[in-house]
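Chain letters run A, B, ... following the sequence lines, proteins first and then strands; every chain starts at 1. In this text, all values refer to a predicted model and were calculated from it rather than measured experimentally. Computation of the quantities below employed the complete heavy-atom set of this structure, encompassing side-chain atoms and omitting hydrogens, waters and symmetry-equivalent molecules.
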Amino acid sequence: MPWRETTDPYRIWLSEIILQQTRVAQGLPYYLAFTEQYPTVFDLANAEEEQVLKLWQGLGYYSRARNLHTTAKYIANDLHGVFPASYKELLKLKGVGDYTASAIASICYDEVVPVVDGNVYRVLSRYFNISTPINSTEGIKEFKKVAIEVMEQEEPATYNQAIMEFGALQCKPQNPYCIVCPLNDSCESLQKGTVTSLPVKLKKLKVKKRYFNYLIFLVDNKHTVIRQRIGKGIWQNLYEFPLIESDNEVKLEYVEEHEILKESMSASSRNVTVYEEEFKIHKLSHQHLYTRFYIIRTNKSPKLDDSCQMIPIDKIKEYPVPVLLGNFIDSFFKV
DNA sequence: AACGCGGGGGG
DNA sequence: CCCCCAGCGTT
């Protein structure tokens with residue numbers, strides 16, 4: 001892995017942000033793209049947020065990209081490009097929490113601070129047979145304490161990366177091959193037969209259903225309308241098409257009668273069709289989006305509020321969009 | 001202390 | 001269908 005070949009704090013920081021809640025296989029191409037496009041923290045700081053989000057497109061948890069950019073500007077402009085060099089100071093950076101601060105401090109500055117990520121929770125909970133839920137306040141404190149106690153003092157960078165890799169390759173979530181594990185003679189959960197039930201994690205959230213009705217304007221077959229998502233919620237600062245969200249499935253008439261469409265132009269000057277009757281169900285970890293796309297062909301410029309902008313269709317790929325819309329754009333516009 | 005936040009991959 | 005992933009910020 002390329003981030004194992006450097007101790008440049010910029011690259012270690014970048015790799016750790018990308019890898020938060022993200023598998024190495026998914027994050028690696030993004031790491032390569034970011035280091036290519038932005039070789040230094042100054043290059044990243046000088047970019048527009050929209051460009052950063054575009055390069056981040058598809059990786060999810062977009063607050064990571066926004067915080068990444070904010071922190072890059074802070075380090076480039078206020079700290080003159082010099083990263084904080086301790087766990088305590090790193091922790092103050094936006095988007096850098098306990099795990100990431102420990103990772104950077106140990107890998108770049110040889111500080112003896114343990115990383116406690118999903119892998120480490122699993123290894124420690126099994127080896128010491130600890131059933132405290134890893135996502136409870138108590139569990140977080142308990143595992144951090146244990147991690148500090150058992151941490152090797154000599155090579156913190158190697159130790160931290162090793163215990164994570166041990167969790168990823170040997171002490172795997174499913175079907176760990178304990179018979180060949182080098183720790184099997186002292187692993188408490190293996191002795192007690194609790195390996196498959198550890199680590200303990202508290203309840204999962206209920207998934208919410210939402211209905212997204214996207215309006216795809218085709219003005220003279222050359223322009224379309226998009227707007228940026230603002231405020232709270234999913235996909236903050238990414239772009240999307242004008243959206244009618246509803247509590248339930250709606251019919252074509254509902255969309256045609258909706259004020260967004262009614263006020264945009266007269267019914268006689270447009271033609272509304274459904275792209276695909278079948279819902280496109282986009283699954284996020286906490287909500288399912290039942291999505292339909294409505295194609296609105298017209299020769300007149302629609303009157304929409306100031307948050308919307310009309311753009312040439314051949315420029316649509318320059319805007320950061322969620323995967324759901326990226327897939328639609330690929331299949332519908334074929335650009 | 002609980003919740004919101006993406007998307008992909010494996011069993 | 002489920003769970004998990006080199007977690008963090010907000011409420």
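For the pair Arg292(A) and Tyr275(A), the NZ or CZ position fails the cation-pi test of under 6.0 Å to the six-membered ring centre and within 45 degrees of the ring normal.
When the side chains of ILVMFWY residues are joined at heavy-atom separations under 4.5 Å, either directly or via intervening members, Leu238(A) and Leu289(A) end up in a single hydrophobic cluster.
Annotation: dC3(B) and dC3(C) have their P atoms spaced 16 Å apart (nearest Å). Taking the P atoms as reference points, dC8(C) lies 22 Å from dG8(B), given to the whole Å. For the C1' atoms, the distance linking dG6(B) with dC4(C) amounts to 13 Å, nearest Å. Using atom P as the reference point in both dA6(C) and dG4(B), the two lie 24 Å apart (nearest Å).
In this model, no side-chain donor or acceptor of Ser63(A) finds a partner on the base of dG9(C) within 3.5 Å.
Regarding Gln174(A), its CD atom lies at a distance of 10 Å from the P atom of dC3(C), rounded to whole Å. The distance between atom CG of Asn160(A) and atom C1' of dG7(C), rounded to the nearest whole Å, is 16 Å. Between the NZ atom of Lys232(A) and the P atom of dT11(C) there is a distance of 4 Å, given to the nearest Å. Atom CG in Asn135(A) sits about 12 Å away from atom P in dC3(C), given to the nearest Å. The distance from atom CD of Gln21(A) to atom P of dC4(C) is 11 Å, rounded to the nearest whole Å. Rounded to whole Å, the distance from CZ on Arg66(A) to C1' on dC5(B) is 9 Å.
Across all strands shown, dC5(C) pairs with dG7(B); the Watson-Crick or G-U wobble distances both stay below 3.5 Å.
Checked for salt-bridge contact, Lys145(A) and Glu149(A) meet the test: a charged N lies under 4.0 Å from a carboxylate O.
The two residues Ala45(A) and His69(A) have their closest heavy-atom pair at O-NE2, 3.7 Å.
Close to dG7(B), at under 4.0 Å from its OP1 or OP2, lies a side-chain N or O of Tyr62(A).
Judged purely by atom type and a 3.5 angstrom limit, Thr71(A) uses its side chain to pair as donor or acceptor with the backbone of Lys94(A).
Two residues, Lys283(A) and Trp3(A), neighbour DNA chain C, and the one matched to the more 5' nucleotide by heavy-atom proximity is Lys283(A).
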